[in-house]
Amino acid sequence: MLVSVVAHRSIMSEAAAANGSPSPAPTPEVPATELAQLALEDEPKVSVADQFKAFSKFGDSKSDGKLITLSQSDKWMKQAKVIDKKITTTDTGIHFKKFKAMKISLSDYNKFLDDLAKTKKVELSEIKQKLAVCGAPGVVSVSAGKAAAAVDRLTDTSKYTGSHKERFDASGKGKGIAGRRNVVDGSGYVSGYQHKDTYDNAH
């Protein structure tokens with residue numbers, strides 16, 4: 001749409017110049033907000049039908065994308081967070097099996113969603129919106145904050161136990177080979193003695 005608006009104005013200007021007629025009064029520039037909106041309208045949007053085709057092929061290399069199984073539908077709904085405390089896999093199984101087929105078409109799938117939404121008293125448009133924007137099959141986004149917190153927790157040496165704990169000192173620095181093997185101390189001091197090599201300094 002944005003391209004067509006700009007092209008139309010360019011053609012009108014060229015035609016006026018060729019006929020020798022005075023150029024029309026310059027039209028006001030399109031506001032930046034309107035340009036942004038036009039640009040967004042030109043971007044392709046993923047529909048439920050597109051996602052249906054993608055998920056119906058997920059895990060099945062022989063699928064042509066026209067029929068979807070209950071298992072594929074459940075994976076899709078879990079990724080889209082449609083399946084939650086209110087809608088469960090038991091609910092989807094009951095409504096899917098009403099079609100008495102292992103796989104159903106997009107037309108029947110829309111009926112399945114409509115029936116499920118009415119039974120569970122959920123807005124059909126909300127379900128379809130979640131299914132459309134959940135991303136490609138198998139792609140689950142993880143926020144950076146959660147990922148960082150998990151890494152911090154797993155690398156906190158103060159929480160290690162057993163033999164793993166022995167591989168690090170109090171500051172969290174690794175002991176190297178001493179942390180993996182029982183190295184014999186031949187100094188003559190009792191294990192754990194804290195005043196090693198201090199006798200000469202005191203006398």
Side-chain angles (χ1 to χ4, degrees), residues 1-15 27-151:
M1 185 179 293
L2 175 59
V3 176
S4 61
V5 170
V6 176
H8 175 70
R9 289 177 178 171
S10 177
I11 292 170
M12 291 292 290
S13 297
E14 291 175 1
T27 55
E29 292 186 3
V30 181
T33 53
E34 185 177 344
L35 287 172
Q37 183 61 35
L38 291 172
L40 286 173
E41 290 177 1
D42 287 341
E43 292 180 1
K45 295 180 180 179
V46 179
S47 65
V48 173
D50 295 328
Q51 291 286 61
F52 177 90
K53 186 174 183 180
F55 276 90
S56 64
K57 292 181 177 181
F58 188 51
D60 185 0
S61 58
K62 296 181 181 180
S63 173
D64 58 4
K66 294 180 180 178
L67 301 172
I68 195 169
T69 65
L70 174 60
S71 175
Q72 290 168 332
S73 173
D74 282 348
K75 288 177 183 176
W76 184 8
M77 288 189 163
K78 285 178 181 178
Q79 184 169 316
K81 292 182 170 52
V82 171
I83 290 179
D84 51 19
K85 292 181 180 179
K86 191 165 188 178
I87 298 178
T88 66
T89 52
T90 301
D91 298 318
T92 58
I94 291 171
H95 289 79
F96 196 95
K97 289 176 181 178
K98 288 182 180 181
F99 295 90
K100 297 180 180 180
M102 296 296 291
K103 298 181 178 182
I104 60 176
S105 65
L106 177 59
S107 175
D108 285 338
Y109 194 74
N110 282 321
K111 294 176 184 176
F112 158 73
L113 293 177
D114 184 49
D115 188 28
L116 181 65
K118 287 179 180 177
T119 304
K120 303 305 294 184
K121 296 180 180 179
V122 178
E123 289 293 331
L124 178 60
S125 59
E126 182 183 342
I127 292 177
K128 288 190 172 184
Q129 173 68 12
K130 288 181 178 180
L131 292 175
V133 301
C134 69
V139 177
V140 181
S141 60
V142 179
S143 65
K146 289 183 179 179
V151 172

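Residue indices begin at 1 and follow the sequence shown. Computation of the quantities below employed the complete heavy-atom set of this structure, encompassing side-chain atoms and omitting hydrogens, waters and symmetry-equivalent molecules. All values reported here derive from a predicted model rather than from experimental measurement.
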Peer 1: Hey, does Val82 have a side-chain heavy atom less than 4.5 Å from the side chain of Thr92?
Peer 2: no
Peer 1: Are the side chain of Thr119 and the backbone of Leu116 linked by a donor-acceptor contact shorter than 3.5 Å?
Peer 2: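 Side chain of Thr119 to backbone of Leu116: no pair is present.
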Peer 1: Would you compute the distance between atom OG1 of Thr69 and atom NZ of Lys75 and round it to the nearest 0.5 angstrom?
Peer 2: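 Between Thr69 OG1 and Lys75 NZ, I get 7.5 Å after rounding to 0.5 Å.
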Peer 1: Just wondering, do Ile68 and Ile104 contact through their side chains at under 4.5 Å, heavy atoms?
Peer 2: yes
Peer 1: More than 12 heavy atoms of other residues, nucleotides or ligands under 6.0 Å from NZ of Lys130: yes or no?
Peer 2: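 Enclosed.
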Peer 1: Are Leu131 and Leu113 close enough, and set up right, to give a side-chain contact (heavy atoms from CB on, under 4.5 Å), and what steps lead you there?
Peer 2: CA-CA 11 Å; Leu131 292 175; Leu113 293 177; 3.8 Å; yes
Peer 1: For Ser56 and Tyr109: C-alpha separation, side-chain torsions, deciding distance, then whether side-chain contact (heavy atoms from CB on, under 4.5 Å) applies.
Peer 2: CA-CA 11 Å; Ser56 64; Tyr109 194 74; over 6 Å; no
Peer 1: How about Val48 and Trp76: do any of their side-chain heavy atoms sit closer than 4.5 Å?
Peer 2: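 Val48 vs Trp76: side chains touch.
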Peer 1: Hey, mind stepping through Lys103 and Asp60 against side-chain contact (heavy atoms from CB on, under 4.5 Å) and telling me if it holds?
Peer 2: CA-CA 12 Å; Lys103 298 181 178 182; Asp60 185 0; 3.6 Å; yes
Peer 1: When rounded to the nearest 0.5 angstrom, what distance separates CG in Leu124 from NZ in Lys128?
Peer 2: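 Going from CG on Leu124 over to NZ on Lys128, the span is 5.0 Å.
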Peer 1: I would like to know whether Ser71 and Asp74 meet side-chain hydrogen bond (donor to acceptor under 3.5 Å, both in side chains); could you show each step before the answer?
Peer 2: CA-CA 5 Å; Ser71 175; Asp74 282 348; over 6 Å; no
Peer 1: Which value, rounded to the nearest 0.5 Å, describes the distance between Thr88 atom OG1 and Ile83 atom CD1?
Peer 2: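 Reported value, rounded in 0.5 Å steps: 7.5 Å.
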Peer 1: Does Phe112 offer a backbone N or O that forms a donor-acceptor pair with the side chain of Asp115 under 3.5 Å?
Peer 2: no
Peer 1: Quick one: CG on Leu70 to CD1 on Ile94, what's the gap to the nearest 0.5 Å?
Peer 2: 11.0 Å
Peer 1: If you count every heavy atom of other residues, nucleotides or ligands that lies below 6.0 Å from Lys118 atom NZ, does the total exceed 12?
Peer 2: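 At most 12 heavy atoms, drawn from other residues, nucleotides or ligands, come within 6.0 Å of this atom.
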Peer 1: Give, for atom CE of Met77 and atom CD1 of Ile127, the distance between the pair rounded to the nearest 0.5 Å.
Peer 2: 6.0 Å
Peer 1: Atom CD in Gln79, atom NZ in Lys81: separation rounded to 0.5 Å?
Peer 2: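 Here the interatomic distance stands at 8.5 Å.
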Peer 1: Mind checking what makes ring-ring contact (aromatic ring centres under 6.0 Å, His included) contact with Phe58, not counting sequence neighbours?
Peer 2: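 Phe58 satisfies ring-ring contact (aromatic ring centres under 6.0 Å, His included) with no other residue.
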Peer 1: If you take all heavy atoms of Phe52 and Ser105, which pair is closest and at what distance?
Peer 2: CZ-C, 3.7 Å
Peer 1: Who passes side chain to side chain contact (heavy atoms under 4.5 Å, CB included) against Ala54, sequence neighbours left out?
Peer 2: Gln51, Pro137
